[in-house]
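Everything numeric here is computed off the predicted structure, so don't read it as measured data. The chains referred to below are lettered A, B, ... by the order of the sequence lines, with proteins before strands, and numbering in each begins at 1.
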Amino acid sequence: MPKVSMNVNGKAVSGEVEGRTLLVEFLRETLGLTGTHVGCDTSQCGACTVHIGGKSIKSCSTFALDCEGAEVTTIEGMANADGSLSTMQQAFQDHHGLQCGFCTPGMVMAATALLKENPKPSEAEVRHYLQGNICRCTGYHNIVKAILAASGQDVSAIAAE
Amino acid sequence: MYAFEFERPKTVEDAVAALKSDEAQALGGGQTLIPTLKSRLAAPAKLVSLQGIDTMKFVKAEGGVLSVGGGTPHAVVAAEAAKSYPGLAALAGNIGDPSVRNKGTVGGSLANNDPSACYPSAALASGATIVTDHREIAADDFFDGLFTTALEEGEIITEVRFPIPEAANYQKFEQPASRFALVGVFVAKFSDGVRVAVTGASGDGVFRWTEAEEALSKSFTPEALKELTVDDSDMIEDLHGSAAYRAHLVKVMTGRAVAAAG
């Protein structure tokens with residue numbers, strides 16, 4: 001079987017994969033990084049969102065072999081070096097930006113990519129950016145609130161729901 | 001997904017050579033092809049990924065033409081063409097969702113020629129030239145019906161050259177689940193006339209609405225479309241919209257595109 005090497009969360013990793021092995025399968029099954037979820041497996045839901053070179057992509061719609069030499073970041077690589085939660089993760093906790101939590105890894109990855117592109121997004125911009133991330137609990141309100149809070153904006157006027 | 005061999009060449013020449021083997025298929029950004037493989041609607045013996053070919057990723061504006069490498073993701077076009085060809089950049093920036101835009105490519109979209117994809121309308125309305133590994137094809141000769149193009153077996157889109165219009169706008173009536181166009185209209189105004197290309201509506205894929213082009217070439221205003229009607233006999237009819245509804249939308253979206261292009 002072909003071998004693939006990449007850098008995941010700052011660590012050089014490699015493994016044998018098939019041509020059809022998806023990045024998400026390599027992450028979950030070969031590396032045991034099960035924080036990245038598979039929701040729909042059709043690139044609609046965004047639960048599998050990871051970063052390649054800092055940009056969000058859907059790891060269910062990317063082949064592992066196409067990530068040869070890539071810099072991949074997953075939800076396991078988001079916490080600070082001392083193990084404390086990143087600003088975005090902490091904001092999700094503070095504002096109850098999750099219900100069942102299944103979509104949360106993808107939401108955090110997408111939201112982190114958003115703030116990199118647009119450090120102070122409006123509420124409409126946040127909602128537009130999350131088009132490709134679906135929360136089946138429909139818990140968008142607090143997710144949006146958490147992201148706005150993580151960008152340093154005052155969210156006290158937004159009602160809790 | 002059935003098993004296949006996977007190759008990731010670094011040059012166009014190597015990709016062309018790899019695609020010569022039996023049942024080989026090119027892989028662009030994979031945002032359509034990978035779901036298609038999963039549902040077993042395609043079963044190539046070999047996939048040749050074009051993602052490792054750096055010379056196919058660029059955006060440059062020169063002499064009134066915007067050239068985009070065939071392997072350039074939509075997000076890069078959205079960012080880098082924003083000044084030179086804002087109508088095209090806006091189209092690219094509203095395909096799918098942000099993660100899809102970081103992977104999906106212009107070459108992949110045009111080669112697939114999905115009847116509801118956005119890019120074919122921009123290529124056709126701009127009068128673009130599709131450059132492949134061995135020839136140049138005018139957009140007017142490129143689109144050949146549902147999921148069909150003038151591309152030969154194993155031919156790769158290396159570059160797309162869009163002449164930059166004086167004014168242009170794309171209006172997409174989005175199918176909210178798929179984020180494809182239920183109907184999308186790209187209007188491009190050049191010094192020698194207006195071109196109007198419609199996607200999402202016809203069962204034969206993207207087409208030029210020539211009556212609107214004539215009317216808009218005389219007067220570039222939404223009112224110029226007033227007396228026109230759109231024949232619904234070839235329109236797509238599905239659970240998202242009837243043929244008559246799509247025909248109606250063609251006119252409405254064209255009017256909006258003209259108004260927005262100013």
(request) List the steps, then state whether side chain to side chain contact (heavy atoms under 4.5 Å, CB included) holds for K38(B) with C60(A). (result) CA-CA 10 Å; K38(B) 286 180 182 178; C60(A) 80; 3.9 Å; yes
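Residue A75(B) does not touch chain A at all, counting heavy-atom pairs closer than 4.5 Å. When heavy atoms are compared at a cutoff of 4.5 Å, I134(A) does not approach chain B at all. Contacts of L37(B) with chain A are made by side-chain atoms alone, with heavy-atom separations under 4.5 Å and no backbone atom involved.
For F26(A), there are no ring-ring contact (aromatic ring centres under 6.0 Å, His included) partners two or more places apart in sequence or in a different chain.
Proximity to chain B among residues 118-131 of chain A is limited to H128(A), Y129(A), Q131(A), judged by heavy-atom separations below 4.5 angstrom. Contacts between residues 27-41 of chain A and chain B, defined by a heavy-atom separation under 4.5 Å, are made by D41(A). Near-neighbour residues of residues 64-73 of chain A relative to chain B, defined by a heavy atom under 4.5 Å from a heavy atom of that chain, comprise L65(A), D66(A), E68(A).
The main-chain N or O of S178(B) is never found under 3.5 Å from a side-chain atom of Q44(A) such that the two would form a donor-acceptor pair. N102(B) contributes no side-chain N or O that, together with a main-chain N or O of I57(A), makes up a donor-acceptor pair within less than 3.5 Å.
Inter-residue side-chain proximity for S99(B) and K55(A) is flagged as unmet; no heavy-atom pair is nearer than 4.5 Å.
For the pair A3(B) and E18(A), the tightest heavy-atom approach, listed with the atom from each and the gap, is CB-OE1, 4.2 Å.
To the nearest 0.5 Å, the span separating CZ on R20(A) from CZ on F6(B) amounts to 14.0 Å. S61(A) OG to K103(B) NZ: the interatomic distance, rounded to the nearest 0.5 Å, is 9.0 Å. Rounding to the nearest 0.5 Å gives a distance of 12.5 Å between CZ of R8(B) and CZ of F63(A).
Between chain A and the options P98(B), P176(B), A79(B), G52(B), the largest number of non-hydrogen pairs under 4.5 Å is found for P98(B). Contact count versus chain B (heavy atoms, under 4.5 Å) is highest, among N133(A), T62(A), T49(A), for T62(A).
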